[in-house]
Amino acid sequence: MRRMAKFDHLYGRLSTKLLNICIDSICKSQQIEKAESVLIDGIRLGLLPDVVTYNTLIAAYCGIFGVDAAFSVVHRMKEAGINPNTVTYNSLIAGATRHGLFSGALDLFEEMLRVGMHPDLWSYNSLMHCYFRLGEPEKAYDVFHNIMLGGLSPCRITYNTMINGLCKNGYADNAIMLFRNLKRLGFVPGITSYNILINGLFKSGRFNNARRMLDEALKSGCPPNVITYTIVLKGLFRARRFEEGIEIFWEMKSKGYTFDAFAYCTVIGIFVKTGRIREANDCMAEMLKNGIGLDLVSYNTLINLCCKEGKLELAYQLLDEIEKGGLKCDEFTHTILIDGLCKTGNIEGAYQLLEHTTMLGFDSKVALNSFIDGLCKAGHIDYAMMMFESMEHKDSFTYSSMVHNLCKARRYHCASELLLSCVRSHIKILKSAQRAVLDGLCYSGFARKAKKLESKIRIARLLQSNLA
DNA sequence: GTAGGGTTAG
């Protein structure tokens with residue numbers, strides 16, 4: 001009998017472990033309901049879920065439904081007599097961070113300390129990340145300093161989080177200095193570290209340094225991955241080095257890189273923006289053929305492509321797919337469609353969608369800009385002016401578009417007033433829009449007014465630069 | 001727990 005009891009005990013422990021492995025694997029395939037039913041079955045069979053079982057569920061709830069839903073699991077856990085541990089809090093903090101709730105993550109960290117729990121390296125790494133995302137690099141640095149001084153030994157993620165945070169907060173030079181110092185102290189960077197730095201250098205406009213860093217990665221035995229290529233592609237595109245970017249794309253293909261949704265969307269976006277619709281279509285076909293799971297950004301990218309080709313019907317088919325697939329359209333989706341409708345001359349449709357979008361609570365300045373431009377192009381310039389005047393927040397696009405369209409309608413005096421008020425409001429305007437007004441005034445016999453306007457603009461800009 | 005500010009307007 002004693003032997004049986006011993007086996008029972010062993011069986012119980014093993015089974016909880018098996019149950020956890022099973023739930024973890026189901027959660028990883030995002031099937032929370034199935035995981036819950038496996039848990040219920042397990043309990044019916046007499047298995048006792050432990051802290052790992054609940055932590056697994058909490059991590060999954062955080063990822064899929066958000067932190068609030070995860071808290072309901074914490075509640076259930078406590079009811080079952082199991083106390084949350086550091087991993088529970090780390091999961092909740094990670095969940096909050098993933099959903100952009102950085103202040104909420106900080107609150108959780110404080111709560112952790114308040115209830116007497118000891119944060120581990122994961123908690124501190126997350127804390128640093130949150131401070132950086134909140135634009136508080138000094139506080140992040142304090143955490144880093146404390147990790148180094150305290151008994152915790154930092155890991156690669158600690159260093160990468162620090163280097164990335166510095167880059168993202170505009171301290172690319174400090175990031176590189178830290179990187180060099182750490183390397184001297186024995187830190188062996190992986191491709192993630194190099195990607196962080198290459199991206200940081202590209203974004204601060206230092207293309208040659210970025211290229212050199214890429215070479216350094218290769219020489220250090222870190223082959224680039226799909227993320228490296230996407231960074232380089234985007235960086236070159238941002239620098240308007242389109243041909244080099246397209247070359248990188250072909251290089252990726254010839255080396256047999258597997259494209260993911262990020263890479264495909266980047267490339268399709270670039271093709272669309274440079275007017276290479278045929279190539280964009282080939283890419284889309286390949287993306288669909290390769291069975292890439294389409295998320296909302298992918299759908300938005302494809303809908304945009306359809307709109308640019310004037311294939312609105314196809315765009316609406318994709319819209320149906322979004323809703324059938326359980327995804328929710330966002331501001332981008334609506335804006336893309338509103339612009340598509342405007343560009344195909346369906347102003348009435350665009351107006352209806354704009355109203356619907358506003359009713360849904362989206363406040364898209366881009367959509368309004370698009371619509372105003374659409375109105376002008378369809379010949380309703382007075383109505384466009386009315387909307388323009390009623391707009392609370394006008395930006396560079398609003399002014400550039402309106403000024404251009406007024407010039408096209410030969411209403412140079414009105415355009416010159418807008419141009420001047422734009423400059424005086426410290427808003428940038430396209431050089432071509434300014435040129436259109438000045439040329440328009442000259443050619444229509446108002447050369448003196450053009451001269452005066454030019455000097456008024458110069459004075460306004462001079463005053464601004466003095467004040468700055 | 002770190003890396004692609006993947007998609008929109010002039």
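Just so it is clear, the model here is predicted, and its values are computed rather than measured. Numbers restart at 1 for each chain; the letters A, B, ... are given by sequence-line order, proteins then strands.
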Expressed in angstrom and rounded to an integer, what is the separation of [X] atom [atom1] from [N] atom [atom2]?
X: A:E331; N: B:dA9; atom1: CD; atom2: P; answer: 13 Å
X: A:F237; N: B:dT7; atom1: CZ; atom2: P; answer: 9 Å
X: A:L419; N: B:dG10; atom1: CG; atom2: P; answer: 19 Å
X: A:F262; N: B:dG5; atom1: CZ; atom2: P; answer: 9 Å

Looking across every strand, which nucleic acid part, if any, lies under 4.0 Å from [X] by heavy atom: base, sugar-phosphate, or nothing?
X: A:A367; value: nothing
X: A:N90; value: nothing
X: A:T228; value: nothing
X: A:C155; value: base

Please state whether the phosphate of [N], meaning OP1 or OP2, lies under 4.0 angstrom from any side-chain nitrogen or oxygen of [X].
X: A:N199; N: B:dG4; answer: yes
X: A:K273; N: B:dT8; answer: yes
X: A:K234; N: B:dA3; answer: no
X: A:N164; N: B:dA3; answer: yes
X: A:R133; N: B:dG5; answer: no
X: A:R98; N: B:dG1; answer: yes
X: A:N304; N: B:dT8; answer: yes
X: A:K203; N: B:dA3; answer: no

Quiz item: Any stacking of A:F332 on B:dT8, going by centres under 5.5 angstrom and planes within less than 30 degrees?
Solution: no
Quiz item: ring pair (Phe, Tyr, Trp, His ring centres under 6.0 Å) with A:H118: which residues, sequence neighbours excluded?
Solution: none
Quiz prompt | Side-chain donor-acceptor contact under 3.5 Å, A:N195 with A:N225 | solution = yes
